[in-house]
J.: 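Dropping the structure in here first, questions after.
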Amino acid sequence: MSSVLSIEREGERVAAQKANPLRHSLLRAEGVSKQYGPVTVLSDVTLDILPGEIHAIIGENGAGKSTFMRLLSGYIEPTAGTLALDGEHVRFAKPEQAQDAGIALVHQEILLAEALTVAENLFLGRELMRNGVVDDRTMRRLATEKLAELGCLVSPNALVRNITLADRQLVQIARALLDDYRIVIFDEPTAVLTGEEVERLLAIILQLKEQGAAVLYISHRLDEVQRLADKVTVLRDGKKIGTYPGRTLGQMDMARLMVGRDLAALYPEKRAKAAGEAMLTVRDLSVPGFAKNVSFQAHKSEILGFAGMIGAGRTELFEGIMGLRPATGTVELEGKPINIRSPRAVLDAGIGYLTEDRKGKGLLLHERLAPNLTLSALTRFHPGIFLRRSREQDALRAAVEQYDIRLKSFGVKAGQLSGGNQQKLLLAKVLLITPSVVVIDEPTRGIDIANKAQIYAFIQSLVTEGKACIVISSEMQELIGICDRILVMREGRLRGEVSGDAMTEHNVALLATSDAAADGNVGGRK
Amino acid sequence: ADKKVVAVSIPAADHGWTAGIVYHAQAAAKEINAAFPNVEVIVKTSPSASAQVSALEDLSAGRKLDALVILPYTSEELTTPVKAVKDAGTFITVVDRGLNDSSIQDLYLAGDNIAVGRNTAKFLIDRLEGKGNLVVLRGIPTVIDDERIKGFQDAIQGTDLKVLDIQYANWNSDEAFKLMQDYLAKYPQIDAVWANDDDMLLGVLEAVKQSGRKDIKLALGGNGMKDIVKKVIDGDAMTPVETPYPPAMIKTAIYMTVANIVGQAPVRGTVKLDAPLITQENAKEYYFPDSPF
Amino acid sequence: MTIMASSTAIRPEREWNIGWTDVGPFVALIVLMLIGFLINPDFLSATNLGNVITRSAFIAIIAVGATFVISSGGLDLSVGSMAAFITGITILFMNRMAPEWGIMAIPAGMMVAIVVGLFCGLMNGLIVTIGRIEPFIATLGTMGIFRALITYMSDGGSIPIDRSLRDAYRPVYFGTFAGIPLPIIISVAVAAVASFILYKMKYGRKCAAVGANEDVARYSGISIIKTRTIAYAIQGTCVAVAAICYVPRLGAATPTTGVLWELQVITAVVIGGTALRGGKGHVWGTVAGAVILELIANLMVLSDFVSEYLVAGVQGVIIIIAMLIQRFSK
Amino acid sequence: MTIMASSTAIRPEREWNIGWTDVGPFVALIVLMLIGFLINPDFLSATNLGNVITRSAFIAIIAVGATFVISSGGLDLSVGSMAAFITGITILFMNRMAPEWGIMAIPAGMMVAIVVGLFCGLMNGLIVTIGRIEPFIATLGTMGIFRALITYMSDGGSIPIDRSLRDAYRPVYFGTFAGIPLPIIISVAVAAVASFILYKMKYGRKCAAVGANEDVARYSGISIIKTRTIAYAIQGTCVAVAAICYVPRLGAATPTTGVLWELQVITAVVIGGTALRGGKGHVWGTVAGAVILELIANLMVLSDFVSEYLVAGVQGVIIIIAMLIQRFSK
Ligand SMILES: Nc1ncnc2c1ncn2[C@@H]1O[C@H](COP(=O)(O)OP(=O)(O)OP(=O)(O)O)[C@@H](O)[C@H]1O
Ligand SMILES: Nc1ncnc2c1ncn2[C@@H]1O[C@H](COP(=O)(O)OP(=O)(O)OP(=O)(O)O)[C@@H](O)[C@H]1O
Ligand SMILES: O[C@@H]1[C@@H](O)[C@H](O)OC[C@H]1O
Ligand SMILES: [Mg+2]
Ligand SMILES: [Mg+2]
């Protein structure tokens, strides 16, 4: 506790220094607050944004980061407080006004029109013209170039509907880089990105800084924050805790400031492996176009990781197993074959799947929490044909408690929860069917560090109860930190397996990328 | 003293002929309301059979009706509801499309649809000397349409007149235009066309004119639309005759009903308007240039 | 498992969240009644109101079914001609059986109606779901098919119900129970069952989920095909119930029976607060919507201001104004 | 802390993405023609095809406008009665001016038609966007209004065009240019302009974006209100163009002009490949859709298989089968 306080004091010092700034502030938020009805989401936040500086905003899920960013970029208006641009008072009633003032926001959510192409989305609302006609050729070329800078190789003609989440995120980032903005705000840009894409993005952000732009950067990946940030502002419960010089803060310091107290270790201690009998057996599973002849077993009380690069086909493999895509092959649960043609049958058999796309496929954003919670467990939860509303409310209360879902009112709709809390609600939803095998696709995407630890501990407790847990993740450290065994996929095929001491980033990366190691096990046992 | 209330319930203007009905009913109401201070004539139109049933309920719910003049949208569906009005002591006049139970009406006034079909057929037999290829356009599936077709078909039975084709064009000139174009494409030799309503005949004539075909000798309609009667007067070669089926019959019916109520001139029974052939000689009697129909 | 104490108290969800969408149609209803009273005091007479509500029963019953279809993200344009077709089959069946079975032909015919309705709805549903055809087109197609069938069955004329059955059947439309006309009771019962299904049964949840987001529904193990097909089957059954009540009122099926009902039905659903693109259904709002439509027509008949030619226009204006009031009084 | 190297191979993507949605309607068109030829060789005669395509021009022109409305996420049920209303006003205007202006009354009347169409479309658009009324309801309302107005203007009868203008105006429908009937040329021109707007102008992008995802559009600085209102205005203008071609065909406006066109128009758009829930519009597909509808009707008459009573049913079946073929041959 004492360390937190000392850091907080240092924060005040930084703030005091800034009261007399040498460089003038580009954008200043003065005592801004945001209320939704009786709910206060952001209260009395004051912040200066200086040119040529990368300013990270960190805080727990639901701390109000996204709300603050939306406020700075004209998507919502504050209920109290003011904004000043170059010392002049400004009001942004619409995002365009903020954009005209040189402020661009990359949203946490993916906001693209799925029915349009990549290039069309990229230039939406500011199409290039030539001889009075939209200049598709040039736009396609620029789109290809801009995306290539970010390491994204999708065709500009592809419909957004048909590209992966990661590619969508890159398209969205590219939108904010098309023009020379003075302030670029990134809200969780890397949540769905992996490897080189993240590196490329960070390089681009540093370049923006070199060019004198101000960058606001939100991420739950504290290592990124540490590498990038000149300043770090911490929000907690809608209030500003302080602004700190970036390099003075370690990751654990940041975590403490966000949470307000000390945190336990991120990864739970690994148990001595009690290798249970086979729980899930998958044989020769193929998902046309995505996965070929995949066979594996997951055991009772085991955490099994699936690693691979974006596009390796992991998501589609499990969507195939879940009956959500046409697939061939056999799946057995504790020796009993499962009908993988019907999602319902798979769920009922006891395999739960937590999608990586929580907004698009996980939750009904316009629906209240209780119906969302019980949607996949209707039959288990409401035996007979009637709904048991009070049971449902009890379950919601229990879930809110158990999964520590932060909300201000039980009456909110799922879409009004912050990203991290949506993820916890989704977790609660999937576990409500009491599956014996739980598949979690990207369990901590966009999740703050404290919640991450919670989720890991939670996964641990699931296997202690005797379930098998499969974790698909693009964060290798996470897999290594929690898994008993990791399977690696590349181009739709299983390329190998690592376990025990062989679970190193080097080995996994080798299997995921190179042909040399293909079809072999790297130091693992079979 | 209390005003006598006469309600007039008719279909909405859904094609030329019913438009004529609405026009004449409103004209009659205006004239009578002006002429007889103690009579109130109320005209209500309905776009469907069930709407008309509703209108009957509404008209009789608020006030006691002394008389009802009704042109039923369809026969079956209006029989019971009209009987309910009758049972409340209202004088019932039925026009054109009859009810299923003729004991309900006090007065019935109608055209002769069988005769419309029969007289047209007879003329065709005569002109074509008993042989030739015909195409027929029929209206909206209703009893009226059925009767006309039946009158026509019965009359050509046993002759060498052959009906090549018969299809619905819903008493709509646009649909008739298309249908006639298709008939023309389908049959290389057509001697005569019969559309059982003049709205449709307009479309037919346009299609024939466009095709430039010379084989079609006659294109006949029915209903006494003023434009067609004018053709007859002018001695049009393709449309030399016409059958009347004047929408003004509603006006006659309203006047007769009012006469019964205020004039103490008992009028009960059935009035069947003839459907004689209108030819160049008598066409003037059937020509009313100011009527909308 | 929780390593953090949850801090601030969370506001409980109010048990009844009554939004404007729920109340709106009823407010519109009341405003219309007031206007009606000002125009013609007879408007509020028990007979008149009874008549109006009774006759809104057909559309209301069918529209309750449409609430399922629309809420699940579908649309059904075939309801009007389906009603005509079912009426036709039912009458033919009753007439055929009347000589042997006498009055018992009536309940038997009602059973036939329900079975046929269910079947027609199922057909629509399967074409839309298994056939994956845009509902608008699919049901436009079946609309033509049902219309053709009734025209064929009636030879273009009409299929009247046998005289021997008429009197026994009459009370289904004209009878009252405890002073309330039977069609009102039937439609309230249908709406009650429907709102029970939609709000108290699992199926209702599925329906709304499928309409709100197909992917989420699928990932939650809800079968889109089954859910939507059932919605169409419910629609078909409702059409059958409406047809059963309809027979004694008009005594016959004709090729023009039920023409344009689909538009009225959809209008009632939308006025009632259910969004055309799917999601939550508002059963009672739908019923209010159906009554509103009938009231407007009734007002037109009772008032003497409007030229007969302009009735449709005034109705259009009233509908638009009613919706505007709903929107802007939020 | 991810250290994986990305090495995704570039997925080659064809420069032009021609999907089934683009070709489907044309394939269906060709299949229908073949069937037609088998049934009756006259089917492919120049006169017959000429007639059919010319006839489809009205629906095609209106449906091109509807492609904008539907692609932007709207719907317009009022097009049929709007067509009647515009036809009526135009004829009244021409007749009034004919004595003074002679033949010049015709082009002047055409201008009037366009202005009135634009205005009617604008009205629809504003009610939907500013009034925030579900398009289905809003345009159902204006449908009633336009229908009432034409009924009123014509006293329920018909408004025929002045004899003195008839011959001069006739060629607009019956004339040909280089052997091609004028309505065909006009509708191709309208479609060409429309596809230019939709695919080559900024506005087209906005339209698709608004229909595909309102939030995204709004966040991209696109005004939903403006975009959708313009779509309705374009729709109104297209209706006016169709009305202009229509006048000489029958020489009169009546209360039944354009009845049920809205259903045909929407069907043409959907058959053409534009999704009813909005997004990308397919102008040429729409035109093909309109021709398909007219072809089916024509086939019914030319074939001798179908009882007159069942025509509507067979049309329904064909439409459903055509859509099924489209779906499953993907
Ligand atoms: N429209 C709204 N109505 C009510 N509450 C809202 C609304 N929008 C957001 N909230 C609430 O405001 C709080 C802050 O949300 P915000 O999205 O800003 O959090 P965040 O810091 O970005 O979290 P995360 O890291 O999970 O993205 C949350 O509790 C959320 O539920
Ligand atoms: N709808 C689609 N159409 C065509 N290709 C697709 C589609 N969706 C995904 N792909 C491609 O299929 C491959 C498999 O993607 P997938 O999302 O399964 O990978 P993953 O291993 O789950 O990666 P991630 O880490 O993104 O979850 C990728 O090459 C992707 O671009
Ligand atoms: O409405 C019918 C009309 O169109 C027909 O021509 O004549 C008889 C009428 O009942
Ligand atoms: Mg956020
Ligand atoms: Mg994935």
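Every chain is numbered from 1, with letters handed out A, B, ... down the list of sequences.
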J.: Considering only residues two or more places apart or on different chains, which pairs with a residue in residues 264-286 of chain C satisfy salt bridge (Lys or Arg N to Asp or Glu O under 4.0 Å)?
T.: A/Glu367-C/Lys280

J.: Examine distances only and state if a side-chain atom of C/Arg218 and a backbone atom of A/Leu324 form a donor-acceptor pair shorter than 3.5 Å.
T.: yes

J.: Within a radius of less than 6.0 Å around NZ of C/Lys226, do more than 12 heavy atoms belonging to other residues, nucleotides or ligands occur?
T.: no

J.: Just wondering, do C/Arg205 and A/Pro371 contact through their side chains at under 4.5 Å, heavy atoms?
T.: yes

J.: Once you round to the nearest 0.5 Å, how far does CG of A/Asp357 lie from CG of C/Asp215?
T.: 8.0 Å

J.: Is chain C contacted by the side chain of A/Leu363, its backbone, both, or neither, given a heavy-atom distance below 4.5 Å?
T.: backbone

J.: Which one wins on heavy-atom pair count under 4.5 Å against chain A: C/Ser220, C/Ala208, C/Gly221?
T.: C/Ser220

J.: Non-hydrogen atoms of chain C under 4.5 Å away: do they reach the side chain of A/Thr374, the backbone, both or neither?
T.: side chain

J.: Is it the case that atom CE in C/Met110 sees more than 12 heavy atoms from other parts of the structure closer than 6.0 Å?
T.: yes

J.: Quick check: do A/Leu375 and C/Val216 have side-chain heavy atoms less than 4.5 Å from each other?
T.: yes

J.: Using non-hydrogen atoms only, which part of A/Lys424 is less than 4.5 Å away from chain C: side chain, backbone, both, or neither?
T.: neither

J.: Within the supplied structure, the quantity of interest is the number of heavy atoms (other residues, nucleotides, ligands) at a distance under 6.0 Å from C/Phe26 CZ; does it exceed 12?
T.: yes

J.: Sort C/Phe196 into side chain, backbone, both or neither according to what part of it lies under 4.5 angstrom from a heavy atom of chain A.
T.: side chain

J.: Step by step, work out the salt bridge (Lys or Arg N to Asp or Glu O under 4.0 Å) result for A/Lys361 and C/Glu214.
T.: CA-CA 8 Å; A/Lys361 303 184 168 121; C/Glu214 283 194 18; over 6 Å; no

J.: Pick whichever of C/Gly279, C/Ala209, C/Ala212 has the most heavy-atom pairs under 4.5 Å with chain A.
T.: C/Ala209

J.: Between A/Met322 and C/Tyr219, is any pair of side-chain heavy atoms under 4.5 Å apart?
T.: no

